[in-house]
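A short write-up of the structure that comes next.
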Protein chains: 2
Amino acid sequence: MTTTMKKSSRVGITEVAKYCGQAPSTVSGVLNKRADCRVSEKTREKIMDAVAKLGYRPNLTARSLVSGKSNTLGMISTAQDIEPTTRIATAFEAEARKNGFMLLITFDPNDPEMEDKQINWLDDRRMDGLFLMPSETGDHLQLKSLMERKFPVVTLDGLGRLDVNCADVSVDYYEGGCMQAEHLLSLGRKRVCVANSVHSCWVVDQRIAGLQDTLLKAGAPKPLYMNLPFEARPIMDGPAGVHDFIRAFMLKNKDKMDAVVGTGDEVAMTVMGIAMNAGIRVPDEIAFAGCDGISFSANPFMPLTTIASPHEAIGQAAFKLLHTQIKRKNTVITPKMQLTFKPELVVRKSTVS
Amino acid sequence: MTTTMKKSSRVGITEVAKYCGQAPSTVSGVLNKRADCRVSEKTREKIMDAVAKLGYRPNLTARSLVSGKSNTLGMISTAQDIEPTTRIATAFEAEARKNGFMLLITFDPNDPEMEDKQINWLDDRRMDGLFLMPSETGDHLQLKSLMERKFPVVTLDGLGRLDVNCADVSVDYYEGGCMQAEHLLSLGRKRVCVANSVHSCWVVDQRIAGLQDTLLKAGAPKPLYMNLPFEARPIMDGPAGVHDFIRAFMLKNKDKMDAVVGTGDEVAMTVMGIAMNAGIRVPDEIAFAGCDGISFSANPFMPLTTIASPHEAIGQAAFKLLHTQIKRKNTVITPKMQLTFKPELVVRKSTVS
DNA sequence: CTGTTAGCGCCTTCAT
DNA sequence: ATGAAGGCGCTAACAG
C-alpha cells in the first residue's frame, strides 16, 4: 500500500495520537488541560513530546466549529486614519492580545450599509464580541439584531445618538465644549469664532453646543461660525481652496473675534497657522483652542491649547466591557456598562503666553 | 413532542433544507452557485426564499474547515500609531475588502518573539496570506517556516534586511537620502546636521547612508549628528528632557550648520520649532527637511520640505502581491514580486522661502 | 435534476 | 486511566 496523500500538510491531533500510541481524545484532553482528564505522568510526557517533535499546532477553525467561539473580536473602525481612533484601536488591541484574543478588523468608511454588511461578515466568522464605531447615519439594523441576541457589543460614542441600549464608551464632548468656553472666558475672551466644517457630526455638534451654551450663559455673544465648505479632513494638505478660504475669512473677520475654536486640533492648527502667516499675533490678538489632544498639538513652536480625550483609557475600557459580557453569557446591560469619560483641558501658548 | 433545544440559535443549512423540503447539499450548491449544480428554477426560488425568510447566514468557520481557506488575511503591524504605517494599513485593508477578504490584525510592539507567536496564532486560524511588517531584530523563524511552505506572504521593508526571499514592498530609502542631500546641495547648503535618535533602525540607516554618501561625494563635510539620547517617538510630547536637549544642541552648534535633516518628519518639525523659538531664522540661517511626508508636514505655518513615500500605493501593491500568490498556489517568488517604490521630494518653505 | 454519504479536525460524553 | 463514538455546519463526490 502506497502512502496516501495527506489532505493537509499540517499535522493534526490524530497524527500526534498515532505517533505516541494514544487516542485522539486523550491528546485533546491533555492539550486542553481538561480537568476531568486524568492521565498518568508518563503518557502526558509522551504526548507533549510528540506534540513538540511533530510541531503540532491546533486548527483553531476546527476548534471554533465545535466550541462555537473563536477567541476573535470584531472591530469596525471608522476613520482609522485619524489619531484619536488609531490610539483607541491600539489600546484596545493591546488589551485584547493580553487576554488571548485576536482582532478581525475592518475600516468602515462611515457608511451605514457597509456597517451592516461588515457586522454580518464578522458574525458569519463567529467573532466572540464586537467593538463598533457606529456610522454617523443609518438605522444600525444589524447592531440592533446583535443586541436582541444579547451578543457582546461595545460601541464608541454611540450612547448619545443610537436608540440602542448597549454597552458603550464615550467622552463627554458637551462638557469638553463647556471647558473650552470657560477657559476662554476666564481669559476675558468672549468673541469666539468656531472653525467648523459644514458637514456636521454628533461629536462636533456636542462640542459646539457645550461651547455655545456656556458662552451665552455668561453673557457672551453667539459665536461666529466659519462654516468651512469642505470636509474637515484632510485640511492640512487639503483641496486647494481651503487655505485661501480660511485666509480670506480671517482677514475679513479678525476684528470681530478674540478667540478661535476648532472642532478638532487639525482644523484649529491650520487656521492658527494661516492666521499667523497673515500677521495676526497669537494669542495676543486672537487665542486658539482645539479638541482631541493629538500629538502635534504639543509641538514646540505653535503649541495648541486643547481638550484632550483619554484615548488609551477608552480603548482599554472598551475591551474590558466586551470581555465582561463574553465571560458571563447573557449579561444584562446596565448603566454601569455605559462609560462616559471626562476630557481634560491642556493649556498651552495658543491661549496663554 | 416538545420542541428540542437548538444547539445554536442561528439557523443552519440543514434547517433551510428542511424548511423547503430539499437536501442540505442542494441548498449548499445553490448558495455557492456551484457550476455542476443544475437545479430547476422553481427549487432555486424555493431555496432562496427559505434563506431569506429564515435569515440564514453561512457559518464561515464550518466552511473554512472543509475548504481549508478562510478569506481572511493576517496583518502584523509594528507601530500602528504612526501615520505612514496607518496609511499603508488603511490602503491595504480597502483593497482586501474590495476583494472579499477580512483582516486579522495584530499590532506587534516590534518584538521578534511576539512576531513568531503572532504568526503562529494567525496560522492556527488558517489565514490565507500574511502582510508582515517584520520586527527590526530577530531571526524571523516563523516567517522562514511560512516561506518554506510557500505560504503567501508579503513583507514591508523586508527585502533589504531579511535573509528570506519573499514578496516584498519597500521604498528606496537610500535614494530618499540622496534626494535630500541633492536638494540641499542645490541650495548651496553643505553643512548638514542630522537629527537622529541613537536607536538606529534599518529605514533610518538607509536614509542617513544615502544622505551622507551624496554629501561626501559632492565634497561637503561629514554631517554633524545630533544623536538624540531618546527614542525617536514620541518626541512632540515626549519625555521632559528632549526639548531641552535639542535646544541646547542647536544653540551650541548653530554656527556649524546651514541645514538640519530629520530622520522623520516629526523629529524634523520638533527641532525646527525649537530652533525657531530660539530665534533662528528658517530657512535663511538654517534650512530644515524631513522624511515620510506626513500630513502635518503640509501645515501652513511651518511647512516642511520632505521626502514623501507613496503610502497608499504601497498598501495597494502589498495586497495585489498577496492576492496573486493566493490565487495561483505555489507561486515562485520572482524579483518582479519585490517592489521598490521611489520616494518623492516635496519642496516647501522650510528650505526655500 | 436531486438526495445520500463521507468526511474537514477537533472536542465531549460515555463506556470500558 | 484510556479509548470509541458522535457531532459541530458545511461541502464534494457520487448515486439515484
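Chain A is the first sequence line, chain B the second, and so forth, proteins listed ahead of strands; every chain is numbered from 1.
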Once side-chain hydrogen bond (donor to acceptor under 3.5 Å, both in side chains) is applied, do any residues pair with A:Asn99, and if so which ones, sequence neighbours excluded?
none
What does the inter-axis angle of the helix from C:dC1-D:dG16 to C:dT16-D:dA1 come out as, five pairs per end, nearest 10 degrees?
50°
Listing request: all salt bridge (charged side-chain N to carboxylate O under 4.0 Å, His left out) pairs with a residue in residues 102-122 of chain A, at least two apart in sequence or in separate chains.
none
Residue pair A:Thr72 / A:Arg125, side-chain donor-acceptor N/O under 3.5 Å:
no
Among residues two or more places apart or on two chains, list those pairs meeting salt bridge (charged side-chain N to carboxylate O under 4.0 Å, His left out) that have a residue in residues 135-145 of chain B.
B:Lys144-B:Asp163
With sequence neighbours left out, what residues match A:Ser40 under side-chain hydrogen bond (donor to acceptor under 3.5 Å, both in side chains)?
A:Thr43
Is there a side-chain contact (heavy atoms from CB on, under 4.5 Å) between A:Leu162 and A:Leu143? Walk through the geometry before answering.
CA-CA 10 Å; A:Leu162 265 37; A:Leu143 169 61; 3.8 Å; yes
Value in whole Å for how far the P atom of C:dG3 lies from NZ of B:Lys18:
14 Å
Looking at C:dT2, I'd like to know if its phosphate oxygens (OP1 or OP2) sit under 4.0 Å from a side-chain N or O belonging to B:Ser40.
yes
Which residue pairs satisfy the salt bridge (charged side-chain N to carboxylate O under 4.0 Å, His left out) criterion with at least one member in residues 39-48 of chain A, sequence neighbours excluded?
A:Glu41-A:Arg44
Side chain of A:Thr26 (C-beta onward), nearest among C:dC8, D:dG3, C:dT2
D:dG3
Spacing of A:Glu41 atom CD relative to D:dT2 atom P, expressed in whole Å:
11 Å
Return the set of residues passing side-chain hydrogen bond (donor to acceptor under 3.5 Å, both in side chains) with A:Arg161 (not counting sequence neighbours), or none when no residue passes.
none
Going 5' to 3' through nucleotides 10-16 of chain C and flagging B where a protein heavy-atom sits under 4.0 Å of the base, S where only the sugar-phosphate is that close, and - otherwise, we get SBBB---
What does B:Ser64 touch in the nucleic acid at a heavy-atom separation under 4.0 angstrom: a base, only the sugar-phosphate, or nothing?
nothing
How many whole angstroms separate atom CG of B:Asp124 from atom P of C:dC8?
19 Å
D:dG9 phosphate, OP1 or OP2, under 4.0 Å from B:Thr61 side-chain N/O:
no
Under 4.0 Å between a side-chain N/O of B:Gln22 and OP1 or OP2 of C:dT2, yes or no?
no
Any residue meeting side-chain hydrogen bond (donor to acceptor under 3.5 Å, both in side chains) with B:Asp49, in chain and number order, not counting sequence neighbours:
B:Lys53
Rounded distance (Å) that lies between atom C1' of D:dG7 and atom CG of A:Leu65
9 Å
